[in-house]
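Notes follow once the structure below has been shown.
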Amino acid sequence: MNYRTNLLPEIKKIILGELTPLYGRNESQTMLDILIEEYFGLSRVEQALNRDYRLSESELLQLHFAVKKLKAFMPLQYVLGKARFMDMELKVNGSVLIPRPETEEMVRYIIAENRQKAPSSILDIGTGSGAIAIALKKAFPQASVTAVDVSDAALEVAAANAAANDCEIGFQKTDFLNEREVARLPRFGLIVSNPPYVTHSEKSRMSKNILDYEPHMALFTANDDPLLFYRAISVFSRNHLLPGGKLYLEINESFAAEVCEMLEKPGFNAVKSHKDIHGKERFVSGIISLPL
Ligand code: SAM
Ligand code: GLN
């Protein structure tokens, strides 16, 4: 590290010169502003007003190491160790997927659709950072929420996030592809999942910051079968949803029809697929029929 100055505006100029070829001017500027606000408590406006702000040696080092990670394409959320989801700040690390805006769209839809009649119990399959389970517990505090994942490291992060948000959630290590393990779960009023759904053939179109840093266990399905989890979850939901219970599944935009078809069998009603703000098919919902 050799910035040859400790004056913040000068250092910013140097760092921007390093990041811009990799991320473009706007994104580099935004990321740098977020780092400076996070580390030194200076908003963009405060930075502009404090043109003679100087960094200490340890502050310089802190910034230097963060920029080094960004230059190696580590996502900013992993550099900071946290991500925003709904109105929350969640801890994230390399064992959990960074919660996505499209998942937030699905959660907002679930909250709006169930506001009149809150579910009594909820299951989140493949909880990762706990984003979905925690957001739903906050929206429906009376509901008992269970969240499962196959990854111990993810469950640890999710439990820390639930505690930080004062949410009581039953976390459980479960391999959802193991029929015997899932059979032990009770019935629920609402089941939700954002399972792994990326195919290996999509790898070539994915950016380095996802491929090199996000857990492949969260992204890719085994045997390159994009519907693997949907098959397991639709069978499970038929037996584990209470009458009138609802299922919500985030999907790969290319497989909306297949997932809908899988659910449109006796048992499920009102199977619908929903587009995200970019017009891509993003999640599917269905309701288990009430007994006649
Ligand atoms: N729910 C989080 C979200 O929406 O941000 C994370 C979703 S991530 C796409 C999928 C999650 O499923 C990962 O946390 C991964 O560890 C978990 N997972 C992968 N295989 C699984 C399995 N066989 N059983 C249970 N969970 C699994
Ligand atoms: N939407 C995520 C991505 O763009 C993938 C999430 C998933 O596989 N469920 O990488």
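Atoms within a ligand are numbered from 1 in the order they appear, just like the ligands themselves.
When hydrogens are left out, the protein atom nearest atom 3 (C) of ligand 2 is R100 NH2, 3.5 Å; that is the closest non-hydrogen contact. Given atom 2 (C) of ligand 1, the protein heavy atom at minimum distance is T127 O, 3.3 Å. Protein heavy atom in closest approach to atom 23 (N) of ligand 1: D175 OD1, 2.8 Å. Protein heavy atom in closest approach to atom 15 (C) of ligand 1: D149 OD1, 3.5 Å. Counting protein heavy atoms only, atom 5 (O) of ligand 1 is closest to P99 CA, 3.8 Å. Nearest protein neighbour of atom 8 (O) of ligand 2, counting heavy atoms only, is Y197 N, 3.2 Å. Remark: minimum distance from atom 19 (C) of ligand 1 to any protein heavy atom is reached at M217 O, 3.3 Å. Scanning the protein for heavy atoms near atom 27 (C) of ligand 1, the closest one is V150 CG1, 3.6 Å. Remark: minimum distance from atom 10 (C) of ligand 1 to any protein heavy atom is reached at N194 O, 3.4 Å. Among protein heavy atoms, the minimum distance from atom 25 (C) of ligand 1 is reached at T174 O, 3.3 Å.
Cation-pi contact between K203 and F220: present, with separation from the ring centre below 6.0 Å and deviation from the ring axis of at most 45°.
A heavy-atom distance below 4.5 Å is not found between the side chains of L247 and I288. Residues S120 and Q142 are not in side-chain contact: their nearest non-hydrogen atoms beyond the backbone lie 4.5 Å or more apart. Residues L70 and L32 are not in side-chain contact: their nearest non-hydrogen atoms beyond the backbone lie 4.5 Å or more apart. Counting only heavy atoms from C-beta outward, the side chains of F176 and I233 approach each other to under 4.5 Å. Contact of the I36 side chain with the Q47 side chain is registered, since non-hydrogen atoms from C-beta on lie closer than 4.5 Å. Side-chain atoms of F236 and L123, non-hydrogen and from C-beta on, do get closer than 4.5 Å to each other.
Which of G128, P195, G126 comes nearest to atom 1 (N) of ligand 1 through a heavy atom is settled by distance: it is G126.
Taking every heavy atom of N194 and a limit of under 4.0 angstrom, the matching atoms of ligand 2 come to 7 (C), 9 (N). Atoms of ligand 2 lying under 4.0 Å from at least one heavy atom of L219, given by number and element, are 5 (C), 8 (O), 10 (O). Proximity to A218 (heavy-atom distance under 4.0 Å) selects the following atoms of ligand 2: 8 (O). In the vicinity of P195, heavy-atom distances shorter than 4.0 Å reach the ligand 2 atoms 7 (C), 8 (O), 9 (N). Shown in contact with T103 at under 4.0 Å from a heavy atom are these atoms of ligand 1, numbered in order with element: 4 (O).
Ring centroid separation for the pair F283 and Y109 comes in under the 6.0 Å cut-off. Between H240 and F188, the gap from one ring centroid to the other reaches at least 6.0 Å.
Remark: ligand 1 and I98 share no N or O pair separated by less than 3.5 Å (distance only, no angle test).
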Yes or no on ring-ring contact (aromatic ring centres under 6.0 Å, His included) for F73 and Y213, after CA distance, side-chain angles and deciding distance? CA-CA 8 Å; F73 293 102; Y213 292 96; 8.6 Å; no
Evaluate T221 against V198 for side-chain contact (heavy atoms from CB on, under 4.5 Å), listing each step before the verdict. CA-CA 7 Å; T221 57; V198 182; over 6 Å; no
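Within the 4.0 Å heavy-atom cutoff, F229 counts among the residues contacting ligand 1. V148 does not count as a contact of ligand 1, since none of its heavy atoms falls under 4.0 Å from the ligand. Between S129 and ligand 1 there is no heavy-atom distance shorter than 4.0 Å.
The residue Y197 has no part lying near ligand 1, judged by heavy-atom distances below 4.0 Å.
Salt-bridge annotation for E168 and K137: absent, with no side-chain N of the basic residue lying under 4.0 Å from a carboxylate O of the acidic one.
For S237 (side chain) and L241 (main-chain N/O), no donor-acceptor pair under 3.5 Å exists by modelled atom type.
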